[in-house]
> 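The structure under discussion is supplied below as structure tokens; questions concerning it will follow.
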Amino acid sequence: MKWISGILYTVIFLVSMALIAFGQRNIGPVGLLVMLVGLAGILVLLYLYNRKFR
């Protein structure tokens, strides 16, 4: 189960990074929205990682 969740977290991270890079290429509100979605993905991963250490 850890193996599958590790792959899932990696895929989510890569997609989030791709959204941020794609959003930087588009100037305007749409690009900003895409970058914010990518940032939200990375923040969710950080929350899930830190939740274990409370």
> Given side chain to side chain contact (heavy atoms under 4.5 Å, CB included), test Ile20 with Ile42 step by step and report yes or no.
CA-CA 10 Å; Ile20 291 171; Ile42 292 173; 3.7 Å; yes
> Identify all side-chain donor-acceptor contacts of residues 21-35 below 3.5 Å with residues at least two apart in sequence or on another chain.
none

> Report yes or no: do Leu19 and Leu43 belong to one cluster of Ile/Leu/Val/Met/Phe/Trp/Tyr joined by side chain heavy-atom distances under 4.5 Å?
no
> Considering only distance and modelled atom types, tabulate donor-acceptor pairs under 3.5 Å from the side chains of residues 5-13, sequence neighbours left out.
residue: Ser5; atom: OG; partner: Met1; partner atom: O; Å: 3.4
residue: Ser5; atom: OG; partner: Lys2; partner atom: O; Å: 3.0
residue: Thr10; atom: OG1; partner: Gly6; partner atom: O; Å: 2.8

> For the hydrophobic clusters of this structure (ILVMFWY residues joined by side-chain heavy atoms under 4.5 Å, transitively), does one cluster hold both Tyr47 and Leu14?
yes
> Taking transitive links into account, so neighbours of neighbours count too, which hydrophobic residues share a cluster with Tyr49 at under 4.5 Å side-chain distance?
Phe53
> If you take all heavy atoms of Gly38 and Ser16, which pair is closest and at what distance?
O-CB, 3.4 Å
